[in-house]
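First comes the structure, then the notes that go with it.
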Amino acid sequence: YELCRDFNRRHGTTYYWATKVLPPDKRPHVHALYGFCRYADDIVDDLGPVPVSERAAALASFGERFFRDLATRRSDDPVLMAVVDTVRRFSIDPDCFRRFLRSMTMDLTVEKYETWDDLLVYMDGSAAVIGEMMLPILEPTSPQALRHARDLGNAFQLTNFLRDINEDLDRGRVYVPQEDVRRFGVDLSKRTVTPEFVARMRFEIDRCRELYRSADLGIDMLPGRWARSIRAARVLYGRILERIEAQNYDVFTRRASVPTRSKARMGARLLLSPRS
């Protein structure tokens, strides 16, 4: 669990600061889920100049090891040890992890998505399913929270897609529906902030904020302090969109980010607020 927490602290700072508002007994399990996702993501993106076939084999091996460990209720891998414990404690549906790994496998060969619906198929396993994994830990007061949790996962990922257009182009990927690119007459390969690019970014940001509005309904279905933590993450991610707007939608020369001091201040403010 400590290793997973360190992964989260080093690689997912927005998410990490939001978890500090969670009760201590919940926090390690959220870090474990992050550790699992980070582990798989590193196989896809951070193995250096390794052929796709070897990355696919490594990802498949990782998945097989996880499901084997889940079946035997033990693991020799320090990250999977925490994940297996979390899954069993909270009865998280193993199919969530299958869907996640399916989307990670798509990243190995799929470079772009034609429509928003096509992108949602990918995001089901890479984003929406994270909300599903989290729900048993957060104990919502209504089963209707599921749809809104999925929308929050999608909103977080779409925010990342808009912020990381430049980095994704470096990886040969475009997580923007091609139908939108054509509709606004944008040539992303030029990496230039044109009026057409700005119009497309405004369209995608509006779509993202609609997802956040749905997510807000689900956050209200969580117990008090649990809700404050998820709301903190939601607000911090929402501020990334504001930063993109403040820098005139230029995501090519500067990465939009929320300063760590702002994340820390929000965490402290929520920790000190009266508990409901």
Please output the side-chain donor-acceptor pairs of residues 61-69 that fall under 3.5 Å, not counting sequence neighbours, one pair per line with the distance.
| residue | atom | partner | partner atom | Å |
| --- | --- | --- | --- | --- |
| Arg65 | NH2 | Tyr39 | OH | 3.3 |
| Asp69 | OD2 | Ser75 | OG | 2.6 |

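Ser214 contributes no side-chain N or O that, together with a main-chain N or O of His148, makes up a donor-acceptor pair within less than 3.5 Å. Under a 3.5 Å cut-off, the side chain of Thr192 and the backbone N or O of Thr194 do not form any donor-acceptor pair. Under the 3.5 Å distance criterion, the side-chain polar atoms of Ser103 are matched with a main-chain donor or acceptor of Tyr122.
Between Glu242 and Arg209 there is no salt bridge, since no side-chain nitrogen of the basic residue lies less than 4.0 Å from a carboxylate oxygen of the acidic one. Salt bridge annotation for Glu2-Arg5: present, with a cationic side-chain nitrogen under 4.0 angstrom from a carboxylate oxygen. Under the 4.0 Å criterion applied to side-chain N and carboxylate O atoms, Glu114 and Arg182 are assigned as salt-bridge partners. One finds a salt bridge joining Asp6 and Arg10 here, because a Lys/Arg side-chain nitrogen approaches an Asp/Glu carboxylate oxygen to under 4.0 Å. Electrostatic pairing of Asp168 and Arg163 does not count as a salt bridge here, judged by no charged N lying under 4.0 Å from a carboxylate O. Under 4.0 Å is where a charged nitrogen must lie from a carboxylate oxygen, and between Arg171 and Glu111 no such pair does. For Glu210 and Arg213, the salt-bridge test passes: some basic side-chain N is under 4.0 Å from an acidic carboxylate O. Note on Arg55 versus Asp107: no salt bridge recorded, every NZ/NE/NH1/NH2 to OD/OE distance being 4.0 Å or above.
Partners of Arg202 by side-chain hydrogen bond (donor to acceptor under 3.5 Å, both in side chains), not counting sequence neighbours, listed by chain and number: Tyr249. When the side-chain hydrogen bond (donor to acceptor under 3.5 Å, both in side chains) test is applied to Asn248, no partner is found at least two apart in sequence or on another chain. Take Arg99 and apply the salt bridge (Lys or Arg N to Asp or Glu O under 4.0 Å) test, not counting sequence neighbours, and it matches Asp124, Glu132. Listed by chain and number, the residues in a salt bridge (Lys or Arg N to Asp or Glu O under 4.0 Å) with Arg243 amount to none (sequence neighbours excluded). Residues that satisfy the side-chain contact (heavy atoms from CB on, under 4.5 Å) test with Asp85, not counting sequence neighbours, are Tyr1, His29, Arg89.
Aromatic ring centres of Phe36 and Phe7 lie farther apart than the 6.0 Å criterion allows.
Looking at Pro177 and Asp118, their side chains never come closer than 4.5 Å, going by heavy atoms from C-beta outward.
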